[in-house]
Amino acid sequence: EERKIELESAFQQVATLQCEMQTILGTCCGLESHVVRLENALQHEHDSSKSIAHQLVLARQETTTAQERGAWRDEQSQQGVLEQAKLRAALKAKLHAAHTEVQAAQ
């Protein structure tokens with residue numbers, strides 16, 4: 001009889017331990033799925049960061065290119081102004097020379 005009581009008690013302890021193990025396993029599965037979700041979110045953030053960094057690089061390149069184009073246009077514009085000034089000066093000199101010749105011929 002005493003042995004029977006000990007066995008029943010041992011079976012109850014085993015059943016209790018099995019229930020506790022199931023609870024622990026359920027908790028572990030829940031934690032594992034939570035970790036997977038966090039890893040996925042982290043990967044998404046990493047991908048987004050890489051995309052943003054790439055967009056920044058492209059924007060910097062476009063800005064540099066635009067600045068270079070602007071500087072080139074400014075330089076071309078200044079050269080054009082200088083060329084026009086030279087042509088005006090040459091035309092004025094020719095006009096003055098022609099005017100002088102006309103006055104001398106009269």
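All values derive from a computational prediction rather than experimental measurement.
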Problem - By side-chain hydrogen bond (donor to acceptor under 3.5 Å, both in side chains) - contacts of H99 (at least two apart) - result: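 So H99 forms a side-chain hydrogen bond (donor to acceptor under 3.5 Å, both in side chains) with Q103.
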Counting only pairs under 3.5 Å, give me each side-chain donor-acceptor contact of residues 11-24, with atom names and distances, residues two or more places apart or in other chains.
residue	atom	partner	partner atom	Å
T16	OG1	Q12	O	2.9
T23	OG1	C19	O	3.0

Contacts of [X] that satisfy side chain to side chain contact (heavy atoms under 4.5 Å, CB included) - sequence neighbours left out:
{"X": "E75", "result": "Q79"}
{"X": "R69", "result": "T65, R73"}
{"X": "L58", "result": "H54, Q61"}

Problem - Residue pairs fulfilling salt bridge (charged side-chain N to carboxylate O under 4.0 Å, His left out) with at least one residue in residues 37-64, sequence neighbours excluded - result: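 Qualifying pairs: none.
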Problem - salt bridge (charged side-chain N to carboxylate O under 4.0 Å, His left out) involving R3 - partner list, sequence neighbours excluded - result: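 Residues passing salt bridge (charged side-chain N to carboxylate O under 4.0 Å, His left out) with R3: E6.
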Once rounded to the nearest 0.5 Å, what's the spacing between atom [atom1] of [X] and atom [atom2] of [Y]?
{"X": "E83", "Y": "Q76", "atom1": "CD", "atom2": "CD", "result": "10.5 Å"}
{"X": "Q43", "Y": "S48", "atom1": "CD", "atom2": "OG", "result": "10.0 Å"}
{"X": "K94", "Y": "L87", "atom1": "NZ", "atom2": "CG", "result": "9.5 Å"}

Handout entry: Members sharing L56's hydrophobic cluster (side chains within less than 4.5 Å)
Key =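 Grouped by the 4.5 Å side-chain rule, I52 form the rest of the cluster around L56.
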